[in-house]
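Structure, as structure tokens:
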Amino acid sequence: MLFGGESAESYYDEGVTASMKGNLTLAMRHFERAIHLEHNHIAARYQLAKCYARAGNADNAVELFRQVIRAKPNQVPPRVDLAFTLIEMGKIGEAEKLFKEVLHYKGDHGRAYIGLGQCALAAERWKEAMVLADLAIKNGGANFAALFLLGRAQRQSGIGEEAVGTFKQADALVQKLIESTPEAPEGYYLRGVLCLSQDKITDAMELFQSAENRANPEAFYSAYGLHFNRFDIQAQRGICLLRLGRRPEAEALGRSILEQTANHGVARQLVGEADRET
């Protein structure tokens, strides 16, 4: 029995704690138990949806987010989280519509501007993505997600010098994260993502290896809007191997990931790209 007793609230509290520690398997069990004890526990459904999204189970996450929105139609966070999950599924048009709905009623929502900017970036509307990134910074501050979006949009728009400065600002935030938690993988992973976006492939690969060395194989991590686990780190290292022309190693790494998690999208790309080259 839990410390707080056999109640929906106790399981909910334990689920939140497990989720914060990156133990999504345990967190989901607790949230499911909370819902079993109290069917209309909307907060538990919302947290369960977020766990599914972080774990890469987008279909279940979307269904639960929609349930939460139907129950609490005036709440903004579930709509934003649903939209970001739709981006992960490649449903850019649906995500864009949701972000615009949020901004229609709450025009200062910085995270919604980031999401809308990601949609523009996915559609290769570089200048629009820059404008939206600027709006995200204006309304939500110069956080990592907004700066990362702006830097990528600037780079794609052909203003590389400005992009370098923006990426440096983002890297400064990551450096603070590494200094505060040097044995955690998040900072190294984020710095690797920054390097990869700037074609600093060797540096990126070393940083992904540092992140992997620090990652718990069972844990899921979250930082500045990016969610990842050890397989995701390995997959990013595989992308580096591909870009360095080391295709057999990339393919082997992709196959190794797929042996352990059969539906990993990036790992499938690694194997597919390697196959197409042979």
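Any value given below was found using the heavy atoms of this structure, including those in side chains, with hydrogens, waters and symmetry copies removed. Residue numbers run from 1 in the order of the sequence given. Every value quoted in this text rests on a predicted model; they were computed, and no experiment measured them.
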> Can you check whether Leu132 reaches Gln118 side chain to side chain, under 4.5 Å on heavy atoms?
Replying inline: no

Ring center gap for [X] and [Y] short of 6.0 angstrom:
X	Y	result
Tyr12	His41	yes
Tyr189	Tyr221	no
Tyr11	His30	yes

>> Around atom CD of Glu161, are there more than 12 heavy atoms from other residues, nucleotides or ligands closer than 6.0 Å?
In response: no

Does a side-chain N-to-carboxylate-O contact under 4.0 Å join [X] and [Y]?
X	Y	answer
Asp232	Arg237	no
Glu251	Arg255	yes
Lys106	Asp108	yes

> So which pairs with a foot in residues 51-66 pass salt bridge (charged side-chain N to carboxylate O under 4.0 Å, His left out), sequence neighbours left out?
Replying inline: Glu63-Arg70, Arg66-Glu94

> What residue pairs, at least two apart or across chains, pass side chain to side chain donor-acceptor pair (under 3.5 Å) with a residue in residues 123-139?
Replying inline: Glu96-Arg125, Arg125-Glu128

>> With clusters defined by side-chain heavy atoms of hydrophobic residues (ILVMFWY) lying less than 4.5 Å apart, directly or transitively, does Ile92 cluster with Leu86?
In response: no

> Looking at SG of Cys119 and NZ of Lys97, how far apart are the two atoms once the value is rounded to the nearest 0.5 Å?
Replying inline: 13.5 Å

>> Taking the cut-offs as 6.0 angstrom to the six-membered ring centre and 45 degrees off its axis, would you call Arg214 and Tyr188 a cation-pi pair?
In response: yes

> Is it true that the NZ or CZ of Lys50 lies under 6.0 Å from the centre of Tyr52's six-membered ring and within 45 degrees of the ring axis?
Replying inline: no

